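What follows is a short report on a single structure.
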Amino acid sequence: MSTSAEPRVSGLEVRSIDYVPLDERHGKLWHLGPLWFMSNAQIATLAVGLVSITQGGNLVWSLLAIVSGTVIGTFFMAFHSAQGPQLGLPQMIQSRPQFGYVGALLVWLFAYVQYAGFNVFNSSLAADALHTTIHGSLELWIAVVTVVALVVALVGYDVIHKAERFLTYTFLVIFGIFTVGVLVTLHYPAGSFDLGAFRWTPFLAQFGVVAGYQISWAIYVSDYSRYLPPDVTVRKTFYWTYFGSALGGVWLMVLGALLAAWAGRDFDTIPSIEAAGDKVFSGFGAIVLLFSALGLVSVTALNMYGGSLTLISAIDSFRRVRPTLAVRLVTLVFTAALSLVGALAATSNFLANFENFLLLVLYLFIPWTAVNLMDYYVVRRGHYAIAEIFNPNGIYGRWGWHGIISYLVGFAVMIPFFAVGTLYVGPAAEALGGADISLFIGLPVSALLYWWLTRSIDVAAETRLAEAEAAELEQAAHEHREP
């Protein structure tokens with residue numbers, strides 16, 4: 001199977017949670033680079049880089065926290081990406097072997113909340129950018145952003161990849177100029193680059209939010225690599241995803257920290273971007289904001305696409321779903337409507353608490369990513385009976401207690417280390433002066449506990465079953481029968 005074949009899918013995408021047969025695999029591996037670069041290189045990501053500055057940290061340590069958080073957080077999401085070509089499945093349906101046919105609802109619920117939360121923030125921010133530049137009511141622009149994102153998500157996988165490539169090339173020009181302007185024209189407070197002014201609390205807060213933001217992409221990544229041929233290597237899939245996402249994330253988060261340090265207490269995302277852009281030349285701030293709105297539309301489409309897959313997976317846990325275009329349409333419209341209602345009802349308080357939302361996402365998905373990656377790379381080493389994932393009475397069971405227990409225990413041991421702004425500071429975090437190190441607790445506990453609980457799994461028997469079912473799986477998928 002060639003990895004260089006051009007996309008052959010035309011019209012609206014039909015597949016959703018079902019297995020992608022080998023004769024439908026297509027695309028180029030390098031397309032993952034611009035996809036994940038542009039997914040991160042938009043101004044919602046910029047807001048992630050503000051945390052340390054707003055908590056009293058200085059600029060140089062904020063930048064170091066951003067880079068280190070990105071390096072570590074992206075590591076996990078990129079390894080999830082490598083699962084897509086090997087299994088031919090979207091990301092969240094892969095949770096069934098660890099959590100069970102019904103038990104996977106635990107993580108799917110959290111995933112759907114994440115999609116909804118990010119879409120409220122993204123569509124509100126895009127509408128604000130359009131309101132500032134073109135004018136018109138915020139409510140109208142929220143509706144426009146939602147509808148355009150819905151259309152992109154409905155057309156599906158291939159158009160999303162193409163749109164992100166186009167936006168990447170345009171981004172490099174517009175934000176390249178903008179970044180040079182920020183570095184050359186802006187001035188920063190005294191002590192911004194003093195390495196001796198280190199403070200643990202803002203550093204770890206920034207590190208945790210950045211790592212959480214990058215890990216939050218883990219629930220998406222196989223969705224956008226599952227059509228690739230299985231002969232692409234895990235290593236190359238990892239590299240294209242990792243460096244695309246990390247570079248886009250670091251670029252925008254660093255810009256956020258620079259703008260926050262420059263503007264100080266007067267920082268406000270949209271006005272500050274416009275003001276900084278206008279320092280390059282008059283009107284350039286509006287150009288930056290208009291392009292930023294397009295980037296936010298694209299990532300809103302990604303959230304709708306992933307939200308639809310998660311919703312179909314959840315419904316399928318109660319009643320078998322035959323994946324069709326009609327099912328995609330209904331779940332996408334529902335997800336878009338939820339996004340629209342949430343964005344229209346959002347208050348400035350919600351947007352101000354985006355940091356807390358990111359931390360909550362981090363807490364919810366640390367144990368999941370630990371369990372999923374341990375299962376894929378260590379326990380089963382990529383060998384799954386894919387047809388059994390869609391069988392409610394199959395070998396993976398309705399309740400995967402190994403995964404559920406590992407998840408809950410991992411989450412529980414993290415609680416004392418949580419530090420969520422003014423909402424909650426655990427006793428361990430309080431003893432550390434407000435520093436949040438829960439990431440370093442939950443990951444190893446969940447991963448090692450899952451490995452210990454699954455020592456008796458007969459992986460060889462599962463592999464033989466997968467081989468026996470492989471031909472029927474390909475035929476059923478080719479004919480659009482279940483799964």
Side-chain angles (χ1 to χ4, degrees), residues 47-58 61-62 64-66 68-77 99 106-107 109-114 116-118 121 198-219 253 349-374 403-453:
V48 181
L50 313 177
V51 176
S52 179
I53 298 294
T54 58
Q55 292 190 8
N58 76 344
W61 284 109
S62 300
L64 290 171
I66 287 169
S68 56
T70 302
V71 166
I72 292 177
T74 313
F75 179 86
F76 298 97
M77 68 84 75
F99 295 91
L106 171 71
V107 290
L109 172 63
F110 299 149
Y112 199 72
V113 169
Q114 174 182 312
F118 275 118
F121 185 77
F198 176 76
R199 294 174 58 197
W200 267 112
T201 301
F203 180 87
L204 287 177
Q206 183 69 77
F207 176 93
V209 167
V210 170
Y213 190 73
Q214 293 302 98
I215 289 174
S216 73
W217 288 110
I219 68 172
M253 293 177 205
N349 190 50
F350 170 82
L351 300 179
N353 283 309
F354 187 53
E355 173 194 341
N356 292 338
F357 175 75
L358 290 174
L359 284 172
L360 292 173
V361 165
L362 171 67
Y363 300 150
L364 291 171
F365 283 103
I366 281 174
W368 169 78
T369 197
V371 167
N372 184 267
L373 292 178
M374 176 61 74
I404 293 171
I405 291 171
S406 301
Y407 179 95
L408 294 176
V409 170
F411 185 82
V413 299
M414 290 166 60
I415 292 174
F417 297 90
F418 289 169
V420 194
T422 59
L423 297 179
Y424 173 78
V425 178
E430 191 171 356
L432 293 170
D436 187 332
I437 61 169
S438 58
L439 169 69
F440 303 105
I441 306 299
L443 273 171
V445 169
S446 290
L448 292 174
L449 180 58
Y450 184 78
W451 170 79
W452 185 77
L453 291 173

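The analysis underlying the following values was restricted to heavy atoms, covering all of them including side chains, and did not include hydrogens, waters or symmetry mates. No experiment lies behind these values; they were computed from the predicted model shown.
Across all their heavy atoms, L453 and S406 have their closest contact at CD1-OG, 3.6 Å. Here the shortest heavy-atom pairing between I66 and V210 reads O-CG1, 3.5 Å. The shortest heavy-atom contact between V48 and Q206 is O-NE2, 2.8 Å. Annotation for Y424 and P427: closest pair OH-CD, 3.8 Å, computed over non-hydrogen atoms. Residue Q55 comes nearest to A205 through the heavy atom pair OE1-CB, 3.4 Å, listed as atom of the first residue, atom of the second, then distance. D436 and A419 get closest at one heavy-atom pair: OD2-N, 3.2 Å.
F440 and F207 have parallel rings, their planes meeting at less than 30° on a 0 to 90° scale where 60° marks the start of perpendicular. Under the 30°/60° scheme for interplanar angles, the aromatic rings of Y363 and F418 are found to lie parallel.
Side-chain N or O atoms of Q114 include one that pairs as donor or acceptor with a backbone N or O of S216 at under 3.5 Å. Between the side chain of E430 and the backbone N or O of F417 there is no donor-acceptor pair closer than 3.5 Å. S446 places no side-chain N or O within donor-acceptor distance of the main-chain N or O of L443, the cut-off being under 3.5 Å. Checked by atom type and distance alone, the side chain of T54 pairs as donor or acceptor with a backbone atom of V51 at under 3.5 Å.
To the nearest 0.5 Å, atoms CD1 (I405) and OH (Y450) are separated by 11.5 Å. With rounding to the nearest 0.5 Å, the separation of OG1 in T369 from CE in M77 is 10.0 Å. Atoms CZ and CG, on F365 and N372 in that order, are 11.0 Å from each other to the nearest 0.5 Å.
In this structure, Y407 has no side chain to side chain donor-acceptor pair (under 3.5 Å) partners at least two apart in sequence or on a different chain. Taking N58 as the reference, nothing meets the side chain to side chain donor-acceptor pair (under 3.5 Å) condition, with sequence neighbours excluded.
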Could you give me the CA-CA distance, side-chain angles and deciding distance for Y213 and F118, then say whether side chain to side chain contact (heavy atoms under 4.5 Å, CB included) is met?
-> CA-CA 11 Å; Y213 190 73; F118 275 118; 3.7 Å; yes
May I have the step-by-step check of side chain to side chain contact (heavy atoms under 4.5 Å, CB included) for F76 and L373, ending in yes or no?
-> CA-CA 8 Å; F76 298 97; L373 292 178; 3.8 Å; yes
Worked verdict on L106 versus W368 for side chain to side chain contact (heavy atoms under 4.5 Å, CB included) = CA-CA 10 Å; L106 171 71; W368 169 78; over 6 Å; no
Should L439 and I215 be marked as a side chain to side chain contact (heavy atoms under 4.5 Å, CB included) after you check the CA-CA gap, both sets of side-chain angles, and the distance that decides it?
-> CA-CA 11 Å; L439 169 69; I215 289 174; 3.9 Å; yes
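Considering only heavy atoms from C-beta on, F110 stays 4.5 Å or farther from I219 through its side chain.
A donor-acceptor pair shorter than 3.5 Å can be found between the side chains of T74 and Q214.
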